Amino acid sequence: MADLIVSTGSTQLAWQGRLATLLELLEDNCLPVEYQCRSGFCGACRVRLLAGRVRYRQPPLACLSKGEILPCCCVPESDITLALEHPP
Amino acid sequence: MAYTTFSMRHNDQLKEPMFFGQPVNVARYDQQKHVIFEKLIEKQLSFFWRPEEVDVSRDRIDYQRLPAHEQHIFISNLKYQTLLDSIQGRSPNVALLPLVSIPELETWIETWAFSETLHSRSYTHIIRNIVNDPALIFDDIVTNKNIVARARDISRYYDELIEMSNYYHLLGEGQHYINGRYKEISLRQLKQALYLCLMSVNVLEAIRFYVSFACSFAFAERGLMEGNAKIIRLIARDEALHMSGTQHMLNLMRSGADDPEMAEIAQQCHEQSRALFLLAAQQEKQWADYLFKDGSMIGLNRQILHHYVEYITNIRMQAIGMEPAFEKRSHPIPWVNAWLASDNVQVAPQEVEVSSYLVGQIDATITADDLGSFEL
């Protein structure tokens, strides 16, 4: 099966199954993403998901508006496109 | 409507709004209108800790070696946090419990306020360990003008809500002659006071705490005052959860999903809410100036803290659907996040210095002298 693709503006990354969360992928690639609790309750890492689906191991506790996801506790389920605050 | 601790009137709690419906009668959780609040309760309970578990005895030695301007930074932050948690340990209960009308939210409020009392007790634990006379520190909280200025702005919204809901419970809606003055009491006005109160609580939890947190972690980055940092880390984890709870309340109100009138009020209060954030950001910057008035510390100065306040204010505003107020920038002190990450909080007793472990410890070294007083 082909790798899932995570797109953020100009960057395209291949999802790596060994990673525990989407946040780790973004951090490993030095993309600007905020974090705090890393457990889904503070909401600091929220970003907008423009296309695709993600999956949470546990439903997060932080407030999410429609279209927002918490990279600290989810993994992609399909190819996804994110809107990051500061495009690199 | 008068408050009653147990209404005999049968109601469907699933149809009550979060606030200003029929007071909660049966504390039941088999059916829930907003499940999120029980999830928050469970999370908060899983976070349970006691200040005595953290050994702060080394901090005393560190503290004595700090230069005077750093002692000032350390102690001033403790004073400010003591103030914040003194308010938060009681006010949600006093102000919100008489108004709440669904059981899961009522219990969340109690769980939330209880955990703030742990924070208050931990400040005494820290202060008692580092100075000989804790009274000098505690007594200054109500006289220090840099602290008092903000105390007024924080407690104001609670006090207004409490006063107004007392009149409402006693006299109901209408124009009343109270203490020589006419007062107009309406449910709409009360709802507005509640919304602004929650907004001010959100600002407190989401912004006001963070200057102090950053300073505590800056000491610990240098290997100083580490016991304190361990406690602050536990407090920061709790505060992030409380903030999430308050944001949920605000967002449920804003969306109108809970009480349609609240959505109107939220819109009406938009400018006032923004102003609350801006005022808090400004006050926290002033606080940073006060902290660093006699000198900076390694890794932190007033400019960096100003940027941090702006940075964090932007994030918190966006969380409740507001346009960020400050210029966008990257995190000015990224190492703070490593301290705030809750998966880094070590909880296994063998991994942290748990002083309760040490209580039963005995000195097993015996020399002939120890037996000197025995006679056969």
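Quick caveat: nothing in here was measured; it's all calculated off a predicted structure. Sequence lines set the chain letters: A, B, ... in the order given, protein chains first and strands last, and positions in each chain run from 1. Only this structure's heavy atoms are used, side chains among them; waters, hydrogens and symmetry mates stay out.
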Below 4.5 Å, heavy-atom pairs only: which of A:Ser65, A:Gly43, A:Cys42 has the largest tally toward chain B? A:Cys42

In terms of heavy-atom contacts, does NZ of B:Lys39 have more than 12 from other residues, nucleotides or ligands at under 6.0 Å? no

So, taking the atom named CD in B:Gln318 and the one named CD in A:Glu34, what distance separates them when rounded to the nearest 0.5 Å? 10.5 Å

For chain A, which residues from residues 239-250 of chain B lie under 4.5 Å away (heavy-atom distances)? B:Ala240, B:Leu241, B:Met243, B:Ser244, B:Gln247, B:His248

Identify the two heavy atoms, one from B:Arg237 and one from A:Phe41, that lie closest to each other, and give their separation to 0.1 Å. O-CE1, 3.6 Å

To the nearest 0.5 Å, tell me how far B:Gln44 CD sits from A:Leu61 CG. 11.0 Å

How many angstroms lie between CZ in B:Arg254 and SG in A:Cys63, if you round to the nearest 0.5 Å? 8.5 Å

